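We're numbering straight along the sequence, starting at 1. Just so it is clear, the model here is predicted, and its values are computed rather than measured. As a basis for the values below, the full set of heavy atoms in this structure was taken, side chains included, without hydrogen atoms, waters or symmetry mates.
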Amino acid sequence: MCSAKGCRADAVWVLAWNNPKLHTPERRKTWLACEEHREHLSKFLSVRGFLKDVVKLEEWESPGTGTPTD
C-alpha cells in the first residue's frame, strides 16, 4: 500500500532512503508509492537529501536478504 498520507492505492514503487544524521550510510529505510504519489514522495525525500534510489516494487530486494527492508 502507498505510504502517502490517506492513500490506499497499491504500491508500485519502492523509495529507498536514509537520514545521514540518524542512519549508517548503508542503511536503507523504505517508503512505498503508487504511480500517482511517486514523484511527490521522491521530491519530499530529495529536498532533504535523503533519497537514495527508486525501484519498481517487483524488482526490489534488500542487499543480501532477498526481502524488502523496513
Side-chain angles (χ1 to χ4, degrees):
M1 188 178 303
C2 182
S3 297
K5 185 175 181 177
C7 185
R8 299 289 179 238
D10 289 336
V12 179
W13 297 95
V14 174
L15 285 64
W17 63 278
N18 85 359
N19 179 340
K21 291 182 180 180
L22 301 176
H23 307 122
T24 59
E26 67 279 352
R27 174 93 187 263
R28 292 296 181 264
K29 302 287 283 178
T30 57
W31 281 356
L32 301 177
C34 65
E35 285 291 347
E36 181 181 349
H37 291 110
R38 180 185 62 86
E39 186 175 344
H40 171 74
L41 293 173
S42 293
K43 284 182 181 178
F44 180 90
L45 292 168
S46 290
V47 165
R48 290 154 180 80
F50 295 173
L51 187 62
K52 302 300 179 193
D53 204 5
V54 178
V55 180
K56 283 277 200 174
L57 179 60
E58 62 200 25
E59 298 171 7
W60 175 256
E61 292 183 0
S62 64
T65 65
T67 59
T69 60
D70 58 28

Check your understanding: Would you say V14 and V54 make side-chain contact, with heavy atoms under 4.5 Å?
Key -> no

Correct closest heavy-atom pair for P25 and N18 would be O-ND2, 3.4 Å

Minimal heavy-atom distance between L32 and A11, with the atoms involved, is CB-CB, 3.5 Å

Please determine whether the number of non-hydrogen atoms from other residues, nucleotides or ligands lying under 6.0 Å from atom CG of N19 exceeds 12. yes

Next item on the list: For residues R38 and V12, determine if any side-chain heavy atom of one lies less than 4.5 Å from a side-chain heavy atom of the other.
Entry: no

In this structure, CD of E39 is separated from OG of S46 (nearest 0.5 Å) by 10.0 Å

Mutual orientation of the aromatic rings belonging to W17 and H23 [parallel < 30°, tilted 30-60°, perpendicular > 60°]: perpendicular

Heavy-atom closest pair (A16 atom, R28 atom, distance to 0.1 Å) is CB-CD, 4.1 Å

**Prompt:** Mind checking whether T30 and W60 have side chains closer than 4.5 Å, heavy atoms only?
**Reply:** yes

One should read off an interatomic distance between C2 SG and H37 NE2, to the nearest 0.5 angstrom, of 5.5 Å

- Message: Between F50 and P20, is there a side-chain heavy-atom distance shorter than 4.5 Å?
- Response: yes

So CG of L41 and SG of C34: to nearest 0.5 Å the spacing works out to 8.0 Å

